There are 2 protein chains.
Amino acid sequence: MKTPAEPLFTPPPTTHNHQQCVHNALKTAETLCVERGVQLTSIRHQVLELIWESHKAVKAYELLDRIKPLQNAAKPATIYRALDFLITQGLIHRVESLNAFVGCRCSGRQHEQLLLICKQCEEVEERTASQVMQALAEEFQRAGFTAHSKAVEVHGLCQRCAGLSSE
Amino acid sequence: MKTPAEPLFTPPPTTHNHQQCVHNALKTAETLCVERGVQLTSIRHQVLELIWESHKAVKAYELLDRIKPLQNAAKPATIYRALDFLITQGLIHRVESLNAFVGCRCSGRQHEQLLLICKQCEEVEERTASQVMQALAEEFQRAGFTAHSKAVEVHGLCQRCAGLSSE
DNA sequence: TAGAATGAGTTATATTATATCATCTGCTCC
DNA sequence: GGAGCAGATGATATAATATAACTCATTCTA
Ligand SMILES: [Zn+2]
Ligand SMILES: [Zn+2]
Ligand SMILES: [Zn+2]
Ligand SMILES: [Zn+2]
């Protein structure tokens with residue numbers, strides 16, 4: 001059985017109702033954590049909310065600065081612990097090539113990811129890209145490699161930014 | 001038309017003449033730098049040599065420690081400058097997910113790369129994986145994305161390590 | 001109530017990377 | 001020869017990212 005070539009989630013449109021976007025993400029997170037019997041504590045929730053403020057990847061120390069008004073005692077460990085939790089629960093992704101973090105749009109399951117990172121507007125678009133993952137799987141087969149994580153990060157220009165710069 | 005399924009270069013065999021391997025890499029680097037009119041200075045050469053000591057990815061500060069006997073004055077900037085140069089010349093790759101550096105086996109041209117990173121033995125195998133890159137290109141098309149860099153890093157177990165652990 | 005599990009506070013430190021300014025070396029141009 | 005330039009390196013400082021180790025509080029439960 002093969003491949004619905006379509007992404008399993010709606011990619012972020014160039015302009016969209018971001019409030020809705022955030023609301024969905026937070027709701028999903030809350031539900032999942034209840035289902036799993038893990039605690040989406042106040043700090044963790046706040047960090048998740050801050051990450052979802054935009055579709056840009058956010059740095060840990062930016063989050064620290066932004067959470068301090070809310071959590072006066074916040075220290076680096078505060079943030080990194082929350083980030084660990086959120087990553088483990090599949091609610092955010094770490095963008096290795098930026099040392100930064102971005103909300104996951106297909107939350108709740110561990111999954112393969114293709115991250116398209118725009119150099120201009122800095123937004124990160126997550127795509128399922130099952131054909132890419134299929135090709136990767138075949139390559140592992142040839143190489144005798146057993147993959148534990150597939151993270152594909154690509155830097156470039158998103159459609160909108162490419163359009164603007166060519167006009 | 002589809003697919004020579006074979007990699008375009010010889011992957012590192014489980015056991016191989018590594019001296020030869022290093023010798024080739026250094027020779028190639030020397031030649032390319034002459035051709036390009038850039039200077040493969042003593043420090044840069046030493047750093048490249050240290051990186052090629054194994055097929056594992058090496059950290060910048062490891063390189064710093066290892067180069068100190070040779071370059072007494074070496075400081076972080078010494079290493080990072082050499083690394084910048086080597087990356088720009090396409091002689092090494094930065095492994096984003098490890099903050100580390102590995103020799104490039106297909107030196108001299110900027111190119112797409114698939115890095116298979118073994119969690120056990122820590123070796124990094126570089127593959128051309130043209131089918132993966134093709135699938136990626138098609139995905140960019142669909143997403144309207146203009147890629148500037150394609151770096152695919154996958155963590156898992158290499159054939160040898162997977163074999164050993166299953167025996 | 002003792003003991004385990006989890007989350008968070010606190011302090012300190014480790015690791016990774018860059019900024020800035022000074023110096024040196026080889027080269028060109030006059 | 002000497003002024004001027006470019007590229008590489010020396011030297012000092014600091015920024016940015018991340019973890020360790022120990023403490024305490026809460027909750028659950030045996
Ligand atoms: Zn949105
Ligand atoms: Zn963009
Ligand atoms: Zn070798
Ligand atoms: Zn291995």
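Chain letters run A, B, ... following the sequence lines, proteins first and then strands; every chain starts at 1. Just so we're clear, the structure is a prediction, and the values are computed from it rather than from any experiment.
When the side chains of ILVMFWY residues are joined at heavy-atom separations under 4.5 Å, either directly or via intervening members, F140(A) and L114(A) end up in a single hydrophobic cluster. Placement of I87(A) and L32(A) within a single hydrophobic cluster is found when ILVMFWY residues are connected by side-chain heavy-atom separations under 4.5 Å, directly or transitively.
Whole-Å rounding puts the L63(A) CG to dA18(D) C1' distance at 14 Å. Nucleotide dT16(C) holds its C1' atom 16 Å from the CG atom of L98(A), rounded to whole Å. In this structure, I43(A) places its CD1 atom 13 Å from C1' of dA25(D), rounding to the nearest Å. Per the geometry, CG belonging to L83(A) stands 15 Å off P belonging to dG7(C), to the nearest Å. The distance between atom CD of E96(B) and atom P of dA17(C), rounded to the nearest whole Å, is 9 Å. Following rounding to the nearest Å, I79(A) (CD1) and dA16(D) (C1') show an atom-to-atom distance of 15 Å. Rounded to whole Å, atom P of dT9(D) lies 7 Å from atom CD of Q39(B). Counting to the nearest Å, the C1' atom of dT9(D) and the CZ atom of R44(B) are 9 Å from each other.
No aromatic stack links Y61(B) and the base of dT15(C), using centre distance under 5.5 Å and interplanar angle under 30°.
A donor-acceptor pair under 3.5 Å is absent between the side-chain atoms of H55(A) and the main chain of V102(A), judged by distance alone.
Comparing F85(A) and P76(A), the nucleotide of DNA chain C nearest to each residue sits closer to the 5' end for F85(A).
Nearest nucleotide to the side chain of F101(B), out of dG7(C), dA17(C), dT10(C): dA17(C). When each of dG7(C), dA18(D), dA20(D) is scored by its nearest atom to the side-chain atoms of R94(A), the top-ranked nucleotide is dA18(D). Distance from the side chain of N99(B) is smallest to dA17(C) among dA17(C), dT10(C), dT17(D). Distance from the side chain of A60(A) is smallest for dA18(D) among the nucleotides dT9(D), dA17(C), dA18(D). Closest contact between the side chain of K59(A) and the listed nucleotides dG9(C), dA18(D), dT17(D) involves dT17(D). Closest to the K75(A) side chain, of the nucleotides dG7(C), dT11(C), dT9(D), is dT11(C). Comparing atom distances between the Q71(A) side chain and each of dT10(C), dA11(D), dG9(C) picks out dG9(C) as nearest. In this structure, of dA18(D), dT18(C), dG7(C), it is dA18(D) that holds the atom nearest to the side chain of Y80(A).
Put simply, R81(A) has no side-chain N or O that comes within less than 4.0 Å of OP1 or OP2 on dT6(C).
Distance SG/C118(A) to CZ/F145(B): 6.5 Å, rounded to 0.5 Å.
The closest side-chain heavy-atom distance from L98(B) to H155(B) is below 4.5 Å.
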